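Note that this is a predicted model, so its numbers are computed, not measured. We name chains A, B, ... by the order of the sequence lines, and we start the count at 1 in each one.
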Protein chains: 2
Amino acid sequence: MDIEDLATDEKIKYVQDTLFVVSGKWKLPILIAISQGSERFRDIQRSVPPITTRVLSKELKDLEQNKLVRRTVYDTSPVVVEYTVSPYCKSLKPLVDEMIKWGVNHRKKVTES
Amino acid sequence: MDIEDLATDEKIKYVQDTLFVVSGKWKLPILIAISQGSERFRDIQRSVPPITTRVLSKELKDLEQNKLVRRTVYDTSPVVVEYTVSPYCKSLKPLVDEMIKWGVNHRKKVTES
DNA sequence: CTGTATCCATGATGATACTG
DNA sequence: CAGTATCATCATGGATACAG
């Protein structure tokens, strides 16, 4: 599919979808924390301060729903829950790289006198 | 500059910067409206419904501050104000294209059973 | 026409406590 | 440990009126 064929409205809609998935204060930091080895709820919370349990819980649910994070429950006692980033998560890389590049360049641009 | 050399924290910071500039319901639709020829405040408002004057005013200020939009006041009577997209605005294209691509793909992904 | 000011509803977030 | 529940707070956005 060639994105140039999309109508303007459609383009906007897809952009909004994408923004919705990665926007906010926490989504990317959480993904990074998990991918760097914090797989338990409590670990993630410690790695991404100062996030509260309430917010972390919600964010993890969003990420799971978007298939970027997988949640596995081990039926031990006490229960162990493990979060991992999905393979699909890698598909974000080109996008995130573009965001970094643009952000770097933009900082230069707006601080120019 | 190679973005791979950046520390994780720096990457996150730049991503957040970028998100801040383009996020929200209105920023992209406004840019598109202007670039498609709606150069007056009232025209833009009509092209991007149902935005209120209050919100449009604020969004335009943000965009101007980020140098994506230029505001020109003509000293006529009554005053005419013209908004145009800056040349710099074009630098968003690779990013926006990535967002569209990811959004298209993501929709397929999440609607998979 | 181009906004600003005011008031209000809503949702997001934080703090804290509590459950299994 | 892994969350949920509740309450307070705050930022955002909409509706409306109005000023230059």
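In this structure, A:Ile30 places its CD1 atom 14 Å from C1' of D:dG3, rounding to the nearest Å. Protein atom CZ of A:Phe20 is 13 Å distant from nucleotide atom P of C:dG11, rounded to whole Å. Put simply, NZ on B:Lys27 is 13 Å from C1' on D:dG13, counting in whole angstrom units.
For DNA chain C, the neighbouring residues in residues 42-81 of chain A, judged by any heavy atom under 4.0 Å, are A:Thr52, A:Arg54, A:Val55.
Atom CG of residue A:Leu63 and atom CD1 of residue A:Ile34 lie 7.0 Å apart, to the nearest 0.5 angstrom. Expressed to the nearest 0.5 Å, how far CG of B:Asp17 lies from CH2 of A:Trp102 amounts to 9.0 Å.
Taking a cutoff of 4.0 Å between a charged side-chain nitrogen and a carboxylate oxygen, A:Lys61 and A:Glu64 do not qualify as a salt bridge. Taking the charged nitrogens against the carboxylate oxygens, A:Glu59 and A:Lys27 do have a contact shorter than 4.0 Å, which makes a salt bridge.
Side-chain contact of A:His106 with B:Tyr88: a donor-acceptor pair under 3.5 Å is present, judged by distance alone.
Under the 30°/60° scheme for interplanar angles, the aromatic rings of B:Phe41 and B:Tyr83 are found to be tilted.
Of the side-chain N and O atoms in B:Tyr83, none sit less than 4.0 angstrom from OP1 or OP2 of C:dC1.
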